Amino acid sequence: MWVFSSFLTLPFSGLQKNKPFTLSLLRYKDLFLLIFLVDLHVGRHLLTSQYSLPGNPVTKHGHIDLRTSMDGKYKEIAEELFSRSLAESEMRSAPYEFPEESPIEQLEERRHRLERQISQDIKFEPDILLRAKQDFMKTDSATDLEYMKEQSQAPKELYPERELVPEREYQRVTISGEEKCGVPFTDLLDAAKCVVKALFIREKYISLSMQSFCRTTARYLQEELGGRPLDLNTFEEMPESSVSADATVHPPVSETHPYEVLDPASMPPGLGYTCKMVDGVVHVYTQNSSELDLPYPDLQEYIADMNMMMALIINGPVKSFCYRRLQYLSSKFQMHILLNEMKELAAQKKVPHRDFYNIRKVDTHIHASSCMNQKHLLRFIKRAMKKYPGEIVHVEQGRGQTLSEVFESMNLTAFDLSVDTLDMHADRNTFHRFDKFNSKYNPIGESILREIFIKTDNHVEGKYFGHMIKEVMADLEESKYQNVELRLSIYGRSRDEWDKLAEWAVKHKVYSDNVRWLVQVPRLFDVYHTKKQLSNFQEMLENIFMPLFEVTVNPSSHPQLHLFLEHVVGFDSVDDESKPEHHIFNLDSPKPVNWTEEDNPPYSYYLYYMYANMTVLNHLRRQRNLNSFVLRPHCGEAGPIHHLVSGFMLSENISHGLLLRKAPVLQYLYYLAQIGIAMSPLSNNSLFLSYHRNPLPEYLSRGLMVSLSTDDPLQFHFTKTIKIQGIKEKTYIRVAYRFETLCEELNLITQAVRSEELETVEEQGSLCMGAGPARR
């Protein structure tokens, strides 16, 4: 054995015997090859040594001749490396410090020359030199070594027994033993039952509303537990087209604008159905006054399921089990990174024409009224002041005001405006102050400017706002790989809000292949009720959902809304979640028609009635072969934990989810169900949680389905670029790791439940056998 330290004594020709030689002066890669070659050169002397360890007898054998035809060449290479190292050591003042006379090109040329030398000699000494090459190239596993050997220049007929290593091979971490989860079997069984019951509850509500449920989780629930077939085929899957891996795929470009087809004859015919809201949920009746069978969840069943979920998340053994599993997932991910980081990086480099900038990214949480940055808004306001100074943009006390008059009343000119003057960037003053954050939407602190420039319903019919959104869309189309889901507001104050919104989109042709719409409903019933705009909560629900049912039954009744809804993907529920809730949603809660209190309904109350009406609407639109909608609310940003329980039961995805860090049971359930969480650390940093405490890295390491989103670029961004928003899982290795880890967790809980069922069957069988002789 050779012993290495800061000095090394090498008995080698060309050097004085027993004279120390400084290793730090050698190049790291040259040293690896050098030590190996020297070891090979003198190895035969070591193998024939007559000395042994104390206590071990020495057995004399004949002389083993390990000389090869390459020994002379090895010696020449080693001596050349020594001479170069000695020559370079005189010019270097410190280890790993290169003088100006040693450019990178020369070092790389030397490296390639050594690689070629090894490749040429591979046919003579394949095993030994491949190990040297492994050290030299820093490969890290026997799999890489075998793969390099197959790819070498040696004739394949010399090694017919070797098979190619699978391309997707990577290092895996497994746990063996009877108790893999580290908790007693009884606790495991109880926790597994609770987790499986919660997953079945979510599957019931998600399937009923035609939203998507994780297919991997559904397969384990169905196959392992032998339950009923899960209704997951809500939509017919589109067959995949066969394209090459390096082919670029872009959305098809339509010949006509999608908002130009307003001919009622081209729309589906009317059905003559009538709609009526009963106890907060729309019912549809045929011409014979018979009610259509459009299912929705029963309120009593929903309350019972929610109470069960609330009891589950505070169960002690279940909390301990879920916490330990989450810790295990975090540690396993760190081990995976340690073992496979270089493999992932290498596999990522092999993908042609794809890097972070030209993979498709979707911003799933961004509000349309703040999708531009401050500089963009400032330039647009200045252009509008120069281009439309005499246009009437506002009516004050029956008198119209032009754009120039509006700014004159504020003693401002285009020259005075700046980003600092706009004062729309969220700062530390907005932390835990949602009221101050909302005021940041007002340019220069003036609500009139917000109405003029970033509203769809104003005196100019949203002209300026539409032009600004189209400029943002043009930037997205130019980059090709950026997509967003912009949120537009429906407040529920009047029935014509939907028609005005659709008219704004169609009239100004606000459309892009890179953009889809979500409709957000602010939870502001208490404000509207105080202003006498609404008499009860059911009136708000009617204003939100009745126009949607009418256009579904008869598209020609609202032709513009029919076209607009083709590009709407779902609903969102927004407002300050930290506001105190003075009511608990239960069976004693007043029905929507009787909710005339000044207090706002609780979060779960809003979400249930939005979900119930959306479910009925989805079933009706499916019968008409129209697109359906999903529920993706703001959830878990602040406030009580039951917000996340409602989101788990009723929503396909959520936004924020910060409170999951305080609820290990819910966090584990969100992981098993693979519920999407659109997170916005910059937004949270200005409102509820400082940046360094954000749980996004923790969620990602544990395998939760998280994504980065911008939320409000107008308040949080300084630059034009909004595209660096997304989390790129590296290549197939990371995807395979995520899938296998999820399957492992699902298998753990389903097998625990399954084992108890088998034990119960065996006990019943033994009781029957034992009772047989007694009966005789």
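Small disclaimer: the values here were computed from a predicted structure and weren't measured.
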Minimal non-hydrogen separation, Pro601 against Trp595, with atom names: CA-CZ2, 3.4 Å
So, His619 side chain and Tyr296 main chain: donor-acceptor pair closer than 3.5 Å or not? no
How about Lys579: does its NZ atom have over 12 heavy atoms from other parts shown lying under 6.0 Å from it? yes
Lys204 side chain near Asp305 side chain, heavy-atom distance below 4.5 Å: yes
Answer yes or no: is there a donor N or O on one side and an acceptor on the other, between the side chain of Gln560 and the main chain of Ala502, under 3.5 Å? no
Sole candidate of Val569, Val568, Val519 that passes side-chain contact (heavy atoms from CB on, under 4.5 Å) when paired with Phe629: Val568
Heavy-atom check, side chain of Tyr699 versus side chain of Gln667, under 4.5 Å: yes
Which atom names give the shortest non-hydrogen contact between Ala638 and His643, and what distance separates them? O-ND1, 3.9 Å
Shortest non-hydrogen contact from Leu208 toward Thr615: O-CG2, 3.4 Å
Note: Leu682 and Phe716 closest approach over all heavy atoms is O-CD2, 3.9 Å
Asp575 side chain near Leu524 side chain, heavy-atom distance below 4.5 Å: yes
Backbone of Gly280 reached by a side-chain donor or acceptor of Gln538 within 3.5 Å: yes
Using modelled atom types only, decide if a donor and an acceptor are shared between the side chain of Tyr670 and the backbone of Leu644 within a distance under 3.5 Å. yes
Quick one: closest heavy-atom pair of Ala368 and Leu488, and the distance? CB-CD2, 3.6 Å
The test is side-chain contact (heavy atoms from CB on, under 4.5 Å); show your working for Leu708 and Leu696 and say whether it passes. CA-CA 9 Å; Leu708 274 174; Leu696 172 61; 3.4 Å; yes
For Arg495, does the CZ atom sit with more than 12 other heavy atoms under 6.0 Å from it, leaving out its own atoms? yes
Report the C-alpha distance between Met705 and Ile675 in whole Å, list the side-chain angles of each, state the deciding distance to 0.1 Å, and finish with yes or no for side-chain contact (heavy atoms from CB on, under 4.5 Å). CA-CA 6 Å; Met705 186 180 290; Ile675 301 174; over 6 Å; no
Criterion ring pair (Phe, Tyr, Trp, His ring centres under 6.0 Å) on Phe545 and Phe571, from CA distance to verdict: CA-CA 11 Å; Phe545 288 101; Phe571 296 96; 5.8 Å; yes
Residues Ser573 and Arg523: side-chain donor-acceptor under 3.5 angstrom: yes
Just wondering, do Val484 and Cys371 contact through their side chains at under 4.5 Å, heavy atoms? no
Validation row: Tyr464, Ile381 side chains within 4.5 angstrom (heavy atoms): no
Evaluate the side-chain proximity of Val630 to Asn653: yes if any heavy-atom separation is below 4.5 Å, no if none is. no
Under 6.0 Å between ring centres: does that hold for Phe537 and Tyr605? yes
For His634 and His367, take the angle between the two ring planes, folded into 0 to 90°, and tell me which bin it lands in: parallel under 30, tilted 30 to 60, perpendicular over 60. tilted
Between Tyr671 and Gln674, is there a side-chain heavy-atom distance shorter than 4.5 Å? yes
Ser418 and Asp420: side-chain donor and acceptor closer than 3.5 Å? no
Donor-acceptor pair, distance only, cut-off 3.5 Å: does the side chain of Asn684 make one with the backbone of Leu689? no
Check: Ser512 side chain, Asn514 main-chain N or O, donor-acceptor pair, under 3.5 Å: yes
Donor-acceptor pair, distance only, cut-off 3.5 Å: does the side chain of Gln401 make one with the backbone of His394? no
Using every non-hydrogen atom in the two residues, find where Leu501 and Ser489 come nearest and quote the distance to one decimal. CD2-O, 4.5 Å
Keeping the roles fixed (side chain from Tyr608, backbone from Leu650), state whether a donor-acceptor pair exists under 3.5 Å. no
Looking just at side-chain N and O atoms, do Thr364 and Glu485 make a donor-acceptor pair shorter than 3.5 Å? no
Under the side-chain contact (heavy atoms from CB on, under 4.5 Å) rule, what do Ser655 and Arg487 come out as? Steps first, then yes or no, please. CA-CA 12 Å; Ser655 298; Arg487 282 161 167 77; 3.7 Å; yes
Can you tell if the side chain of Leu541 reaches within under 4.5 Å of the side chain of Met277, non-hydrogen atoms only? yes
Start with the C-alpha distance between Arg379 and Glu471, add both sets of side-chain angles, then the distance that settles salt bridge (Lys or Arg N to Asp or Glu O under 4.0 Å), and finish with yes or no. CA-CA 12 Å; Arg379 288 174 175 171; Glu471 290 178 2; over 6 Å; no
Any donor-acceptor N/O pair, Asn613 side chain to Val616 backbone, under 3.5 Å: no
Looking only at atom types and distance, does a side-chain atom of His567 sit under 3.5 Å from a main-chain N or O of Trp517, one as donor and one as acceptor? no
Is a donor from one side chain sitting under 3.5 angstrom from an acceptor on the other, for Ser709 and Asp711? no
